Novice: 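My questions all concern the structure below.
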Amino acid sequence: MAQLNSHYLKLKAGYLFPEINRRVKAFTDANPEGAARLIRCGIGDVTEPLPEAVREALHKAVDEMGTRSGFRGYGPEQGYEFLRHAIAENDYRSKGLEVADDEIFVSDGSKCDCGNILDIFGHDNRIAVMDPVYPVYVDTNVMAGHTGEGDDKGLYSGLVYLPCNAENGFVPAIPKEKVDIIYLCYPNNPTGTVATRGQLEAWVAYALANDAVILFDAAYEAYIKDSSIPHSIYEIPGARRCAIEFRSFSKNGGFTGVRCAFTVVPKDLLCTTSSGEKKPLHPLWNRRFSTKFNGVGYITQRGAEALYSPQGKEQVAALVEHYMGNAAILRAAAAKCGLETFGGENAPYIWVRAPKGSSSWDVFDKMLNQANVVITPGSGFGPAGEGYFRISAFNSRANVEEVARRLSAVF
Ligand SMILES: *Cc1c(COP(=O)(O)O)cnc(C)c1O
């Protein structure tokens, strides 16, 4: 009898979004009028159309592929040189950060990269995640057999959870115990908060002292407004020896439906073999790409390249400006209702503390039933999220202004 991967059976049945959908459906079935008024500020997907520079580049690439001389079949698995170069040059070298073109690996998304990266690590690492957390980091480790069973709060034995709350500014304290792999996400989803240079320096120092690796998810770096906040982990000296960075075109270029992202794996990053030798991770990730991936489509990569053209940069800035304008409106509206708000200044999410005595789900139900607005209950991202809720700024301006009005009617 063929055996299945029984680690999958430990996964909690994707509790958060199915439960949200169940409650929304129960509400809309019972309230056709409320259903018509419903505004979704729950899920982290962009809403605004693709930048013009991208559309033009995509069209042009399609036409090229339709000619004998411009047709391309399989490309380099790691990405076309034109895109790897544009990324390394614009996102790193022009900012004084040392990253070589061949340290960039172009993929179809950061979600996939965050999961796939586990292929190049051993199975006996101590793994630390933030709580609340982007669920992909946890679930991919469960699937890989790196955890024990989950409890009814959704915590898995074998993982080290780093609580993030108002008291620590949503940046976890350095753990007292030794861990080998640490997932950090800044600007953060779900809390919309950022880590300062000093806080990131402390994490890099910890990683270097403990031979640990930081998996740094910078999917929201384009939203940073405060010039003192690092956009890349490589702004911290020493990070090339201890960190992998994930970036995506999903949130800056509106690529959630186009699909393109990249990882940076510096050649200076070494890990230990089972016999205690130190070896670089870069050749392993390179080999993984060649063996298990056939590259992102040429057309998509030309679309991503266009985000780095002068027009592309302007159009990305306008998109970010739009969403951050939304965030400011939502943050101010929540604050005006007397709610305590976090994030939303360097990220498109506002993290709001529920009124005293209310749980995350209490607020969810109140917002759904009284305001006909869908938010995300903080407890769905981990126990430390209990008592908070997330409002997403990914929406049209008209919807956001309406949500702001409805917030004040409810609180
Ligand atoms: C949206 C998001 C990503 C990007 O995922 P893609 O697969 O590239 O669309 C990565 N990390 C976090 C935390 C996100 O919210």
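Note that this is a predicted model, so its numbers are computed, not measured. Order of appearance sets the numbers: ligands from 1, and atoms from 1 within every ligand.
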Novice: Out of all atoms in ligand 1, which are within 4.0 Å of some heavy atom of Ser250? Include the element for each.
Specialist: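 Result: 6 (P), 8 (O), 9 (O).
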Novice: Roughly how far, to the nearest 0.5 Å, is the CG atom of Leu284 from the NE2 atom of His282?
Specialist: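 Interatomic distance, His282 NE2 to Leu284 CG, rounded to 0.5 Å: 11.0 Å.
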Novice: Given Tyr92 and Ile104, is the side-chain contact (heavy atoms from CB on, under 4.5 Å) satisfied, shown in steps?
Specialist: CA-CA 11 Å; Tyr92 299 101; Ile104 304 288; 4.2 Å; yes
Novice: Does Phe249 approach ligand 1 within less than 4.0 angstrom via side chain, backbone, both or neither, non-hydrogen atoms only?
Specialist: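 Neither part.
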Novice: Within 45 degrees of the ring normal and closer than 6.0 Å to the centroid, is that where the cationic atom of Lys366 sits relative to Phe411?
Specialist: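 So Lys366 does make the cation-pi contact.
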Novice: With only distance considered, is Asn189 within less than 3.5 Å of ligand 1 through an N or O on each side?
Specialist: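 Checking ligand 1 against Asn189, an N or O pair does fall under 3.5 Å apart.
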Novice: Number the atoms of ligand 1 from 1 as they appear, then name those within less than 4.0 Å of a heavy atom of Ala219, with their elements.
Specialist: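 This gives 3 (C), 10 (C), 11 (N) as the contact atoms.
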Novice: Kindly write out the residues that satisfy salt bridge (Lys or Arg N to Asp or Glu O under 4.0 Å) with Arg93, not counting sequence neighbours, or none if the list is empty.
Specialist: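 Scan of Arg93 (salt bridge (Lys or Arg N to Asp or Glu O under 4.0 Å), adjacent residues dropped) gives Glu89, Asp101.
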Novice: Centre-to-centre under 6.0 Å for Phe364 and Phe389, is that the case here?
Specialist: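 No: the rings miss the under 6.0 Å criterion.
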Novice: Quick one: look up the protein heavy atom nearest atom 7 (O) of ligand 1 and list residue, atom name and how far away it is.
Specialist: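 Nearest neighbour among protein heavy atoms for atom 7 (O) of ligand 1, to 0.1 Å: Arg259 NH2, 2.7 Å.
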Novice: Under 6.0 Å between the ring centres of Tyr134 and Tyr183?
Specialist: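 Between Tyr183 and Tyr134, which both carry aromatic rings, the centre distance is not below 6.0 Å.
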Novice: Would a line drawn from the ring center of Phe170 to the ring center of Tyr388 be shorter than 6.0 Å?
Specialist: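 Ring-ring flag for Phe170/Tyr388: true, centres closer than 6.0 Å.
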Novice: I'd like to check which ligand 1 atoms, numbered from 1 as shown, lie under 4.0 Å from a non-hydrogen atom of Gly109.
Specialist: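 Checking each atom against Gly109, I get 7 (O), 8 (O).
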Novice: Would Phe246 count as a contact of ligand 1 if the rule is a heavy atom under 4.0 Å away?
Specialist: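 Phe246 does not count as a contact of ligand 1 under the 4.0 Å cut-off.
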Novice: Is Arg84 positioned over the aromatic face of Phe105, cation under 6.0 angstrom from the ring centre and no more than 45 degrees off axis?
Specialist: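 Output yes; distance and angle both within limits.
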Novice: Would you mind listing which atoms of ligand 1 come within a distance below 4.0 Å of any non-hydrogen atom of Lys111?
Specialist: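 So the answer, numbered in order with elements, is 5 (O), 6 (P), 7 (O).
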Novice: Below 4.0 Å from ligand 1: does a non-hydrogen atom of Asp217 turn up there or not?
Specialist: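 Yes, Asp217 has a heavy atom closer than 4.0 Å to ligand 1.
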Novice: Answer side chain, backbone, both or neither: which part of Ser110 comes under 4.0 Å from ligand 1, heavy atoms only.
Specialist: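 The part of Ser110 near ligand 1 is both the backbone and the side chain.
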Novice: Among all the protein's non-hydrogen atoms, which is closest to atom 2 (C) of ligand 1, and how far away is it?
Specialist: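 Sorting protein heavy atoms by distance from atom 2 (C) of ligand 1 puts Lys251 NZ, 2.5 Å first.
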Novice: Pull out every atom of ligand 1 sitting under 4.0 Å from any heavy atom of Ser248, numbered as shown with elements.
Specialist: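 Those qualifying, in numeric order: 4 (C), 6 (P), 8 (O).
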Novice: Answer yes or no: does an N/O atom from Asp108 fall short of 3.5 Å to an N/O atom of ligand 1?
Specialist: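 No.
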Novice: Among protein heavy atoms, which lies nearest atom 15 (O) of ligand 1, and at what distance?
Specialist: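 Going by distance alone, atom 15 (O) of ligand 1 is nearest to Tyr220 OH, 2.6 Å.
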Novice: Mind listing the closest non-hydrogen atom pair of Glu245 and Ser232 along with its distance?
Specialist: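 Looking at all heavy atoms of both residues, the shortest contact is OE1-OG, 3.1 Å.
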